[in-house]
Q: 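Input: one structure, supplied below.
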Protein chains: 2
Amino acid sequence: MKTPIHPSLLLDEQLCFALYAASRRMTAAYRPLLEAMDLTYPQYLVMLVLWERDGLTVRELGARLQLDSGTLTPLLKRLEQAGLVARRRRQSDEREVEISLTDAGGKLHERAADIPRCLADRLCMSVDAFVRLRDELKSLAAQLAAPSDDE
Amino acid sequence: MKTPIHPSLLLDEQLCFALYAASRRMTAAYRPLLEAMDLTYPQYLVMLVLWERDGLTVRELGARLQLDSGTLTPLLKRLEQAGLVARRRRQSDEREVEISLTDAGGKLHERAADIPRCLADRLCMSVDAFVRLRDELKSLAAQLAAPSDDE
DNA sequence: GAAATTTATATTGTTCACAATTAAATTTGA
DNA sequence: TCAAATTTAATTGTGAACAATATAAATTTC
């Protein structure tokens, strides 16, 4: 009887689990820093996008973060409730909802400025290794993008 | 006026976002394969652990996957409902709940055997690059582990 | 320009994650 | 021995993710 050679099903050999575990730990590492600003990690990502370019639509935010309205709509309502963003339909196209920073939302940018350094300190990683890992993850994500997604 | 130099708050320069996006894409890549077995991705991880070593307690499963009972208890109840595992209190220590594979749960192992290869095919990555990335992610996760966690 | 199609957002329902709390069993130590 | 502390799961509540569907507005087609 011939035993077929299979790639391993051992947990510790899986790339997927290493990725899943690292991602959750990363989010956990941000949590105490973001808690001080009353933001969750996904909310922080939305704020990063808006600090970069204000007044995007839900669709544009979703394209940037790879999240759909099912995730973003309630999240944005919570940011609105917190007074950090405003949501309003565009007069030019009533289907679109434009998300814009409030004064409080804009000001939060300054308080966030130290977060990347805090995390970088935790990592004990050279800038070079940081950039290399980041870019490897980006190309992995691109490789995994659904064939229909773009190419 | 002196402008302080801050590490970037630009989304595309963040390691955390690359990690978050790659992890979600990976889960999405598994989804259609696991759907055929009526498993979600976290359920699949639990099955990987049990196929490796059956009869672990909830605590031991949690230690392996870095998940707590708040996540595992309902997930394991769903696996039980699906007829893949059995849950029972240990007679030696009634606090512990032992999770064991049913026949159906054990048999599913064979159907899962091809999954890693399917994913590997998607990645277009050398074994070497695969192992290097996986181990980098492991050491990243270890680095991010709460100081109190272990060391 | 009315009907069909497409697009943008919202809603509903399911399943994670995770913090905080509860409840019960076990262990510890005066 | 027995009260206090610890350990293990379960429960409760909040906030993602994401599929599927709904709704409404804009665009295309004929």
Side-chain angles (χ1 to χ4, degrees), chain A residues 16-17 20-32 34-35 38-47 56-82 84-85 87-99 146 149, chain B residues 16-17 20-32 34-35 38-47 56-63 65-82 85 87-99 146 149:
Chain A
C16 69
F17 177 63
Y20 166 82
S23 176
R24 284 193 303 123
R25 278 224 196 264
M26 181 66 86
T27 302
Y30 272 86
R31 199 168 297 121
L34 296 177
E35 220 153 60
D38 274 307
L39 287 177
T40 64
Y41 179 70
Q43 288 167 10
Y44 169 69
L45 293 180
V46 166
M47 296 303 285
L56 295 178
T57 65
V58 172
R59 184 184 60 76
E60 290 166 327
L61 269 172
R64 204 84 171 71
L65 299 172
Q66 300 296 320
L67 292 169
D68 66 10
S69 70
T71 301
L72 286 174
T73 296
L75 187 157
L76 292 168
K77 283 183 178 174
R78 282 187 281 268
L79 287 179
E80 184 182 40
Q81 205 59 36
L84 299 177
V85 307
R87 301 159 61 240
R88 68 162 176 287
R89 296 269 166 191
R90 282 221 174 127
Q91 70 288 16
S92 61
D93 185 338
E94 290 275 342
R95 289 172 303 182
E96 299 183 313
V97 170
E98 184 176 310
I99 308 299
D149 244 44
Chain B
C16 69
F17 178 63
Y20 167 81
S23 176
R24 284 193 303 123
R25 279 222 197 265
M26 180 67 86
T27 302
Y30 273 87
R31 199 167 295 122
L34 296 177
E35 220 153 61
D38 274 308
L39 287 178
T40 64
Y41 178 70
Q43 287 168 11
Y44 170 69
L45 293 180
V46 166
M47 295 303 285
L56 294 178
T57 64
V58 173
R59 183 184 61 77
E60 290 165 328
L61 270 170
L65 299 171
Q66 299 296 319
L67 292 170
D68 65 12
S69 69
T71 300
L72 286 174
T73 296
L75 187 157
L76 292 168
K77 282 183 179 174
R78 283 187 281 271
L79 288 179
E80 183 182 41
Q81 206 58 35
V85 307
R87 303 159 61 239
R88 70 163 174 289
R89 294 271 165 190
R90 282 221 174 129
Q91 70 287 18
S92 61
D93 185 337
E94 290 275 343
R95 288 173 303 183
E96 298 184 313
V97 170
E98 183 176 310
I99 309 299
D149 246 43

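A, B, ... follow the sequence lines: proteins, then strands. Residue 1 opens every chain. Computed from heavy atoms alone, side chains included, the values below leave out hydrogens, waters and symmetry copies.
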Q: Would you call R89(B)-E94(B) a salt bridge at under 4.0 Å N-O?
A: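 Salt bridge: no.
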Q: What's the spacing between F17(A) CZ and M26(B) CE if we round to 0.5 Å?
A: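 These two atoms lie 13.0 Å from each other.
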Q: M26(B) has an atom CE; how far is it from atom C1' of dC18(D), in whole Å?
A: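 Between C1' of dC18(D) and CE of M26(B): 18 Å.
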Q: Determine: side-chain N/O of K77(A) to OP1/OP2 of dT11(C), distance under 4.0 Å, yes or no.
A: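 Yes, such a contact exists.
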Q: Write down the distance between CG (L61(B)) and P (dA9(D)), rounded to a whole number of angstrom.
A: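 Checked: the CG to P distance equals 9 Å.
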Q: Taking only the side-chain nitrogens and oxygens of Q43(B), find out if one of them lies under 4.0 Å from OP1 or OP2 of dC16(C).
A: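 Indeed, a polar side-chain atom of Q43(B) lies that close.
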Q: Take the protein atom CG of L65(A) and the nucleotide atom C1' of dA16(D), then report the distance between them rounded to whole Å.
A: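 It works out to 13 Å between those atoms.
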Q: When you check the phosphate oxygens OP1 and OP2 of dC16(C), does a side-chain N or O of T40(B) lie under 4.0 Å from one of them?
A: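 The answer is yes; a side-chain N or O of T40(B) sits under 4.0 Å from OP1 or OP2.
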Q: Send over the distance from D68(B) CG to dT11(D) P, rounded to a whole Å.
A: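 Rounded to whole Å, this separation is 14 Å.
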Q: Any side-chain N or O of Y41(A) under 4.0 Å from OP1/OP2 of dA17(C)?
A: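 Checking dA17(C) against Y41(A), no side-chain N or O comes under 4.0 Å of OP1 or OP2.
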Q: Is the shortest heavy-atom distance from the side chain of L79(B) to the side chain of L39(B) under 4.5 Å?
A: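 With C-beta onward as the side chain, the pair touches.
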Q: Using atom OH of Y44(A) as one end and atom P of dA16(D) as the other, report the distance to the nearest whole Å.
A: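 So the OH-P distance, Y44(A) to dA16(D), works out to 15 Å.
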Q: Under 4.0 Å between a side-chain N or O of Y20(A) and OP1 or OP2 of dC16(C)?
A: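 For Y20(A), the contact criterion (side-chain N or O under 4.0 Å from OP1 or OP2 of dC16(C)) is not met.
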Q: Using ring pair (Phe, Tyr, Trp, His ring centres under 6.0 Å) as the criterion, point out the one residue from Y41(B), Y30(B), Y20(B), Y44(B) that pairs with Y20(A).
A: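 Per the ring pair (Phe, Tyr, Trp, His ring centres under 6.0 Å) rule, the option paired with Y20(A) is Y41(B), out of Y41(B), Y30(B), Y20(B), Y44(B).
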Q: More 5' along DNA chain C: E35(A) or G70(A), using each one's nearest nucleotide?
A: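 Per heavy-atom nearest nucleotide, the more 5' residue is G70(A).
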Q: Measure the distance from CG on L79(A) to P on dA16(D) and round it to the nearest whole Å.
A: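 After rounding, the gap between these two atoms is 8 Å.
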Q: Send over the distance from Q91(B) CD to dA24(C) C1', rounded to a whole Å.
A: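 Going from Q91(B) (CD) to dA24(C) (C1'), I get 17 Å.
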Q: Is the closest side-chain heavy-atom distance between L76(B) and L61(B) below 4.5 Å?
A: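 The answer is yes, as the side chains (C-beta and beyond) meet within the 4.5 Å cut-off.
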Q: If the sugar-phosphate is the primed atoms plus P, OP1 and OP2 and the base is the rest, what is the B/S/- string for nucleotides 4-9 of chain C, using protein heavy atoms under 4.0 Å?
A: ---BSB
Q: Among dC18(D), dA16(D), dT11(D), find the nucleotide with the atom closest to the side chain of R31(B).
A: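 In terms of side-chain proximity for R31(B), the closest of dC18(D), dA16(D), dT11(D) is dC18(D).
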Q: Please list, for nucleotides 1-4 of chain D, all pairs of protein and nucleotide N/O atoms separated by less than 3.5 Å.
A:
none

Q: Quick one: L75(A) CG to dC18(D) P, roughly how many Å, whole number?
A: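 Going from L75(A) (CG) to dC18(D) (P), I get 13 Å.
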Q: Enumerate the residue pairs fulfilling salt bridge (charged side-chain N to carboxylate O under 4.0 Å, His left out) with a member in residues 61-82 of chain A, sequence neighbours excluded, ordered by first and then second residue.
A: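 Matches after skipping sequence neighbours: E52(A)-R64(A), R64(A)-D12(B), E80(A)-R87(A).
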